[in-house]
2 protein chains.
Amino acid sequence: MHSIEIIQTIKERREVLQVTQETLAELSGVGLRTLKQLESGKGNPTLVTLQKIADVLGMEICLKVKTIGT
Amino acid sequence: MHSIEIIQTIKERREVLQVTQETLAELSGVGLRTLKQLESGKGNPTLVTLQKIADVLGMEICLKVKTIGT
DNA sequence: TTGTAAAGTGCTTTTTACGGCACTTTTAAG
DNA sequence: CTTAAAAGTGCCGTAAAAAGCACTTTACAA
């Protein structure tokens, strides 16, 4: 996944869970400004920031060797 | 995966491929200092930095909903 | 043991993520 | 249309990531 897809995935997941940016910011401990900037595609979050958000959304970041096929 | 595991995975993958930090730095466009700091567990890399490294190592970052089981 | 390559660290500057505040724009319900 | 909530944006200070340089430490082969 590229950065853009990761960001998009976060946004979609948040929407599915019907959580506002404000609530997610509070629950994750990430600043509202940071979250807004991120979701509007203008961010390059640190791993820690990403983890905090993923945690609250019931998601997880993983790193794996690329497979050949689909 | 937590930050620590992700970092560890990078380090291990680099070693398996028998690539030096210096070479990885050159190939990925990430500064050698940044890479050293990262692998020695003192970093909080940005998503872009992580992607650059993963790319060269033939790896990929993904974000997915946590599953219940193993 | 010695020599060399790789890895790790302190110091530094530059860049940029983070996050607060206030404001605008968009969206959706009445 | 009105209005309220959510999302997006500009400004800005602080903190920290990025990265270069020089040096030390570690690992390993001769």
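- For the 3.5 Å distance criterion, the side chains of A:Lys36 and A:Gln21 qualify, holding a donor opposite an acceptor.
- In this structure, CG of B:Leu35 is placed 14 Å from P of C:dA6, rounded to the nearest angstrom.
- Atom pair A:Leu38:CG and C:dG19:P shows a separation of 11 Å (rounding to whole Å applied).
- Residues B:Glu60 and A:Leu63 fail the side-chain proximity criterion, which asks for heavy atoms closer than 4.5 Å.
- Rounded to whole Å, atom P of C:dA22 lies 14 Å from atom CD of A:Glu22.
- Following rounding to the nearest Å, A:Lys36 (NZ) and C:dA17 (P) show an atom-to-atom distance of 19 Å.
- Of the listed nucleotides (D:dG8, D:dA7, C:dA17), D:dG8 has the atom at the smallest distance from the side chain of A:Lys42.
- Rounding to whole angstrom units, CG of residue A:Leu32 and P of D:dA7 are separated by 9 Å.
- In this structure, B:Lys52 atom NZ and D:dA17 atom P are separated by 16 Å, rounded to whole Å.
- Side-chain atoms of A:Arg33 stay outside donor-acceptor range of the base of D:dG8, with no qualifying N/O pair under 3.5 Å.
- Regarding B:Glu15, its CD atom lies at a distance of 12 Å from the P atom of D:dA27, rounded to whole Å.
- Among the atoms of the strands shown, only primed sugar atoms or phosphate atoms (P, OP1, OP2) are found under 4.0 Å from some heavy atom of B:Lys11.
- The residue A:Thr34 sits close to a base: some heavy atom pair falls under 4.0 Å.
- Contact check for B:Met59 versus A:Lys66: no side-chain heavy atoms found under the 4.5 Å cut-off.
- Whole-Å rounding puts the B:Gln21 CD to C:dT9 P distance at 10 Å.
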